[in-house]
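Structure record follows, encoded as structure tokens.
Numbers restart at 1 for each chain; the letters A, B, ... are given by sequence-line order, proteins then strands.
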Amino acid sequence: MRLNPQQTLAVKQTSSPLLVLAGAGSGKTAVITQKIVHLVTNCGYQANQIAAVTFTNKAAKEMKARVTKLLGDGASKGLIVSTFHNLGLNIIRREHQALGIRQNFTIFDDQDSLALMRELSKLGVDADKSELIAILNRISAWKNDLLLPEQAIAQAKDNDELISAKLYEAYQRSLKAYNAVDFDDLILIPTLLLRNHDDIRIKWHNKIRYLLVDEYQDTNTSQYELVKLLTGKLGSFTVVGDDDQSIYSWRGAQPKNLELLQHDFPNLKVVKLEQNYRSCGRILKSANVLIANNPHLFDKSLWSDKEYGEPIRILSVKEDNHEAERVVSEILARKIRSNFKFSDFAILYRGNHQSRLVERALVNKQVPYKVSGNTSFFARAEIKDVLAYLRLLVNPDDDNAFIRISNTPRREIGATTLEKLGTYANHRHISLFEAIFEVGLEEHLSGKGLRAVRKFGEIMTRASDNIKRGDPVAVLNELMAYIGYHGYLFETSSSPKAAEFRWANVTELLSWIERGIEDNANEDDPFAKTVNKICLREMLDRNNDDEEENNEVQLMTLHASKGLEFPHVYLLGMEEELLPHKSSIEEDNVEEERRLAYVGVTRAKETLAIMVAKQRARYGEMVNSVPSRFLEEMPQDDLDWEEDRLQVSDDEKRESGKSKMENLRKMLSS
DNA sequence: TTACTATCATTTTTT
DNA sequence: ATGATAGTAA
């Protein structure tokens with residue numbers, strides 16, 4: 001791969017800290033990978049002295065593969081390419097003694113946090129789900145700003161905040177007791193550790209001599225602080241980012257961190273990558289003109305030497321269901337006309353719910369498609385169950401896992417028994433699992449209940465011992481058979497088919513464990529490592545990869561599309577209050593919505609079509625919709641407006657007829 | 001324990 | 001309108 005002059009500059013600049021402003025499609029991944037190669041082959045770095053951090057497992061995996069291919073297995077040995085969270089996890093694992101955390105801690109995901117918060121709130125305030133989530137979000141924001149509970153309590157501005165801060169304190173206490181950490185802790189804990197312990201900081205500083213950061217605009221305060229602590233005052237780092245693609249500020253990302261770099265490192269060098277290798281000229285120009293409406297930290301203008309390309313079509317349709325049908329018939333027509341593959345097409349939208357109508361239309365026309373951004377795998381009851389077994393095997397103090405599975409499948413540990421066990425454990429300040437075997441428990445729990453919990457304890461203890469001794473996968477299969485989980489799924493599923501599907505999910509999860517153990521065979525505790533990785537969703541992408549070959553139309557949110565590219569893109573619902581979204585208008589944050597639109601437009605390589613509906617169902621009601629301001633902000637000469645030709649098939653006539661009938665009926669009834 | 005009813009939310013969710 | 005999820009009644 002040949003690098004252009006700017007890219008070469010970015011690779012060669014190693015003597016001072018470097019910020020690479022990498023526009024969409026400008027080959028930033030090539031720069032990062034080539035730079036790692038350069039550091040190893042020309043600058044005397046060992047691979048194990050270099051770390052590259054990303055935000056997604058997928059990006060980390062891709063980058064690692066590319067570097068390994070260029071350097072070879074031997075020369076790239078020990079190179080760290082991981083997500084921020086994974087890096088944090090490794091630091092915590094190595095320094096757990098200094099942190100007072102026991103070796104086999106568990107990682108809580110959002111659902112675990114919610115379950116825990118629900119328990120905590122029962123004691124004082126009682127809050128509903130959305131309030132609990134709001135509290136958790138506030139706690140997350142505090143953690144991202146490196147604020148500890150005491151500080152949050154001290155600076156609470158109102159009673160509401162004070163309650164949240166108090167819950168934050170209780171939440172952290174519980175995590176400690178469960179020997180668990182949440183996602184934010186994976187950054188927060190290492191950052192505070194390095195900040196407060198000079199010796200440990202120096203140790204890590206010596207270990208990681210050069211740091212590269214991808215998607216730097218998405219870092220939050222604690223992540224930036226971690227970067228600073230790891231690279232020291234001299235700043236032996238390269239960060240790559242694009243303020244125009246900052247779309248996660250609502251999750252604490254601070255594009256301001258780009259600016260802060262210049263302040264914190266006066267000798268910072270800045271290199272801009274402005275040649276775009278992805279899109280046709282017209283698409284690029286439109287994107288540039290659109291994003292020019294935002295204020296900018298750094299000026300840059302993307303250019304492309306590809307051909308100018310077809311006009312951007314604006315397809316105006318009457319209703320949202322026409323929009324869906326139109327997109328699908330477009331794709332079918334163009335596929336046949338030009339011999340495209342289904343996988344050449346992407347349908348992008350603002351909100352997940354928008355996929356519904358499109359999916360219906362795709363199913364009607366029997367078009368294969370894939371909706372990505374599905375986090376549903378980990379939300380599945382059977383996955384949560386089995387994962388809870390795995391977690392409890394790794395960390396017996398994980399009360400959350402204990403509560404989930406102590407009676408799943410049913411083993412006569414009911415609510416009363418669990419409550420008594422809980423009261424006792426609480427009183428003794430020990431975990432539920434530990435409490436099972438205490439003699440003192442016998443005073444609180446009588447014959448049947450006691451026997452049931454002890455039996456459960458024995459099952460888990462035996463499995464745990466066997467795992468330490470030998471083949472974990474065999475032990476897990478035995479355990480699943482022993483507790484009769486397969487049969488349990490059949491008893492609890494609505495149909496045998498559903499049960500089989502759920503069991504297939506379980507075997508999928510177990511096969512991840514198997515692969516994970518193989519990958520970590522020479523580490524100290526391959527099983528525990530693998531369970532942690534799964535908690536960090538690290539192996540989810542591996543699964544997606546196999547399906548990438550499939551010839552399917554790609555459906556996803558604009559957020560999920562960042563970093564991807566497609567020959568032909570359909571951008572849905574380019575309307576006021578949808579893109580920009582209503583709440584963003586109200587919160588006066590249209591700029592981020594504009595960036596979102598920018599991301600969408602720059603995904604397209606060859607053609608782009610933007611859909612606008614005149615009417616759209618909102619909260620069950622048909623509401624008039626007007627074209628987005630972003631359309632006016634784009635260069636009109638490059639847009640080709642098309643009214644809906646109503647060239648509809650019989651099916652569609654019936655469909656639209658039906659909705660007309662429905663509207664009529666609604667009018668009459670109201 | 002199952003099945004019904006009430007309630008809820010339709011903005012995004014890299015970990 | 002709609003679909004999911006949580007809670008409650010039989």
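- Put simply, Asn86(A) has no side-chain N or O that comes within less than 4.0 Å of OP1 or OP2 on dT15(B).
- At the heavy-atom level, Gln223(A) lies nowhere under 4.0 Å from the strands shown.
- Between Asp218(A) atom CG and dT13(B) atom C1' the separation is 12 Å, expressed in whole Å.
- Contact annotation for Phe84(A): no contact, since no heavy-atom pair falls under 4.0 Å across all strands.
- Note on Asp184(A): nothing from the nucleic acid sits closer than 4.0 angstrom, heavy atoms only.
- Ion pairing between a basic and an acidic side chain is recognised when a charged N comes within 4.0 Å of a carboxylate O; Glu523(A) and Lys529(A) show such pairing.
- For Glu593(A) and Asn407(A), each mapped to the nucleotide of DNA chain B holding its nearest heavy atom, the one lying further toward the 5' end belongs to Asn407(A).
- Between Trp250(A) and dT12(B), a base-stacking contact is recorded: ring centres under 5.5 Å apart, planes less than 30° from parallel.
- Atom CD1 of Ile133(A) and atom P of dA6(C) are 10 Å apart (whole Å).
- With hydrogens and angles ignored, no donor-acceptor pair closer than 3.5 Å exists between the side chain of Arg537(A) and the base of dT15(B).
- When distances are taken from the side chain of Glu587(A) to each of dT15(B), dT12(B), dT11(B), the shortest belongs to dT11(B).
- Between Asn352(A) and the phosphate of dT13(B), there is a side-chain N or O to OP1/OP2 separation shorter than 4.0 Å.
- Comparing dT12(B), dT14(B), dT11(B) against the side chain of Ser584(A) picks out dT11(B) as the nearest.
- Considering only the side chain of Tyr248(A), dT13(B) comes nearest among dT11(B), dT13(B), dT2(C).
- When the nucleotides dT15(B), dT14(B), dT11(B) are ranked by their closest atom to the side chain of Phe55(A), dT14(B) comes out on top.
- Summarising the geometry, the separation between CG on Asp320(A) and P on dT2(C) is reported as 12 Å, rounded to the nearest angstrom.
- Protein atom CG of Asn220(A) is 14 Å distant from nucleotide atom C1' of dT13(B), rounded to whole Å.
- Residue contacts shown for Arg618(A) are absent, as no nucleic acid heavy atom lies under 4.0 Å away.
- Rounded to whole Å, the distance from CD on Glu591(A) to P on dT11(B) is 21 Å.
- A salt bridge does not link Arg404(A) to Asp112(A): none of the charged nitrogens lies less than 4.0 Å from a carboxylate oxygen.
- Judged by distance alone, with hydrogens and angles left aside, Ser583(A) brings a side-chain donor or acceptor within reach of the base of dT11(B), the pair sitting under 3.5 Å.
- An OP1 or OP2 oxygen of dT14(B) is reached within less than 4.0 angstrom by no side-chain nitrogen or oxygen of Thr54(A).
- Counting only distance, with no hydrogens or angles, the side chain of Arg603(A) and the backbone of Val599(A) share a donor-acceptor pair below 3.5 Å.
- At a cut-off of 3.5 Å, with distance as the only test, no side-chain donor of Ser246(A) or Gln217(A) sits close to an acceptor on the other residue.
- No donor-acceptor distance shorter than 3.5 angstrom exists from the side chain of Arg616(A) to the backbone of Asn624(A), with no hydrogens or angles considered.
- For Gln354(A) and dA1(C), the CD to P distance is 20 Å, given to the nearest whole Å.
- Across the interface with DNA chain B, nearest-nucleotide mapping of Arg356(A) and Leu536(A) shows Arg356(A) to be the residue nearer the 5′ end.
- Residue His581(A) places at least one side-chain N or O closer than 4.0 Å to OP1 or OP2 of dT11(B).
- Without hydrogens or angle criteria, Asn395(A) side chain to Tyr178(A) main chain gives a donor-acceptor distance under 3.5 Å.
- One can place CG of Asp182(A) at 15 Å from P of dT15(B), the figure rounded to the nearest angstrom.
- Going from the P atom of dT5(C) to that of dT12(B) covers 15 Å, rounded to whole Å.
- The side chain of Arg360(A) approaches dG3(C) more closely than any other nucleotide in the set dT10(B), dT13(B), dG3(C).
- Straight-line distance from the CG atom of Asp214(A) to the P atom of dT15(B): 13 Å, rounded to whole Å.
- Counted by atom type alone, Asp385(A) and Tyr485(A) present one or more donor-acceptor pairs between their side chains at under 3.5 Å.
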